[in-house]
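As structure tokens, the structure follows; a few thoughts come after it.
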Amino acid sequence: MNTTQDLIKTFGHPFNDRAAFEKKFMILWTVPADIHARIPVLPARLYINRVIAIPLEKVLRQLIKDGTHKEIKTWDGCYNPRSQRGSTAISRHSWGIAVDLNAAWNPLVRGVTPKTRQSLRAKHVHWTEDFLNAWRFNGFACGADWNTVLDGMHMEYIV
Ligand SMILES: [Zn+2]
């Protein structure tokens with residue numbers, strides 16, 4: 001998992017000079033036409049950190065190959081400079097290295113314990129293992145795998 005310190009070291013602090021950060025790292029990535037045709041809910045162009053362009057394309061191609069791309073119902077964003085919901089910690093979305101998908105079906109759940117995790121995950125994470133594996137195998141951490149917070153919508157590239 002990425003630590004905040006690692007991300008600041010790699011990309012700088014996302015709030016200090018946002019324009020400089022965006023100029024250096026953010027790109028408007030055109031989703032390849034064949035991918036977009038299969039997953040039309042994706043915007044035609046995604047504003048993402050350039051380090052995730054290749055792994056993201058690999059994941060999307062893997063999903064299509066597996067047929068699990070059909071699980072994607074909504075694109076819920078990537079770059080969004082902000083603090084984490086209900087906290088002062090910097091959101092991973094401030095660096096444009098994480099994407100949210102199907103947010104309405106995979107909400108953020110806090111206060112997860114070893115005792116409640118399994119039932120909360122069953123209730124609040126709606127992806128197949130094949131779908132999540134495509135992300136995991138291409139270098140992304142899935143919020144569905146976390147222990148104290150479940151964030152099923154969240155797929156974050158490990159830099
Ligand atoms: Zn997220």
What distance separates [X] [atom1] from [Y] [atom2], expressed to the nearest 0.5 Å?
| X | Y | atom1 | atom2 | answer |
| --- | --- | --- | --- | --- |
| K9 | T4 | NZ | OG1 | 14.0 Å |
| L63 | N138 | CG | CG | 8.5 Å |
| N106 | K73 | CG | NZ | 8.5 Å |
| I72 | D76 | CD1 | CG | 10.5 Å |
| S94 | I8 | OG | CD1 | 10.0 Å |

*Sorted by first residue and then second, give each ring pair (Phe, Tyr, Trp, His ring centres under 6.0 Å) pair with at least one member in residues 48-73; sequence neighbours left out.*
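Matches after skipping sequence neighbours: none remain.
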_Pairs flagged by ring pair (Phe, Tyr, Trp, His ring centres under 6.0 Å) wherever residues 103-123 is involved - sequence neighbours left out_ =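 Counting only pairs at least two positions apart or across chains, no ring pair (Phe, Tyr, Trp, His ring centres under 6.0 Å) contact touches residues 103-123.
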_I27 with F25, same ILVMFWY side-chain cluster at under 4.5 Å_ =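 Yes, it is one cluster - the side chains of I27 and F25 are joined through contacts under 4.5 Å.
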*Linking I/L/V/M/F/W/Y whenever any side-chain heavy atoms sit under 4.5 Å apart, do W127 and W146 land together?*
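W127 does not cluster with W146.
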_Partner set under side chain to side chain donor-acceptor pair (under 3.5 Å) for H93, not counting sequence neighbours_ =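 Residues passing side chain to side chain donor-acceptor pair (under 3.5 Å) with H93: D100, H154.
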*Does the pair M155 and F131 meet the rule for a side-chain contact (heavy atoms from CB on, under 4.5 Å), with working shown?*
CA-CA 11 Å; M155 316 291 169; F131 182 91; 3.9 Å; yes
Partners passing side chain to side chain contact (heavy atoms under 4.5 Å, CB included) against [X] (at least two apart in sequence or in another chain):
| X | value |
| --- | --- |
| D6 | T3 |
| T116 | V112, T113, L120 |
| K123 | none |
| K70 | none |

Where [X] and [Y] come nearest, the two heavy atoms and their spacing:
| X | Y | answer |
| --- | --- | --- |
| A144 | L132 | CB-CD1, 4.1 Å |
| F11 | F21 | O-CD1, 3.6 Å |
| A141 | I158 | CB-CD1, 3.7 Å |
| W135 | C142 | CB-SG, 3.9 Å |
| Q62 | A134 | CG-CB, 3.7 Å |
| I52 | C78 | CD1-SG, 4.3 Å |

So, do [X] and [Y] sit near enough that their side-chain heavy atoms are less than 4.5 Å apart?
| X | Y | answer |
| --- | --- | --- |
| I90 | H13 | yes |
| V99 | M153 | no |
| T74 | L101 | no |
| V51 | T10 | no |
| N102 | H126 | no |

*Above 12 or not: heavy atoms from other molecules or residues under 6.0 Å from CZ of F15?*
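Yes, enclosed.
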_Side-chain hydrophobic cluster, 4.5 Å single linkage: members besides V149_ =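 Members alongside V149: L108.
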*With sequence neighbours left out, which residue pairs that include part of residues 129-158 fulfil the salt bridge (charged side-chain N to carboxylate O under 4.0 Å, His left out) condition?*
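Found R85-D151, R92-E156, R121-E129, R121-D145, E129-R136, R136-D145.
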*Is the backbone N or O of L28 less than 3.5 Å from a side-chain atom of R50, with the two atoms forming a donor-acceptor pair by type?*
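Between the backbone of L28 and the side chain of R50 there is no qualifying donor-acceptor contact (under 3.5 Å).
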*Counterpart residues, ring pair (Phe, Tyr, Trp, His ring centres under 6.0 Å), relative to Y157 (two or more places apart)*: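 Y157 satisfies ring pair (Phe, Tyr, Trp, His ring centres under 6.0 Å) with F140 only.
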*Please identify each residue that fulfils ring pair (Phe, Tyr, Trp, His ring centres under 6.0 Å) with W29, with sequence neighbours left out.*
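Residues passing ring pair (Phe, Tyr, Trp, His ring centres under 6.0 Å) with W29: none at all.
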Taking only distance into account, with no hydrogens and no angle test, what donor-acceptor pairs under 3.5 Å do side-chain atoms of residues 34-48 form with protein atoms, sequence neighbours excluded?
from	atom 1	to	atom 2	distance (Å)
D34	OD1	R61	NH2	3.4
D34	OD2	R61	NH1	2.6
H36	NE2	L42	O	2.7
Y47	OH	E22	OE1	2.6

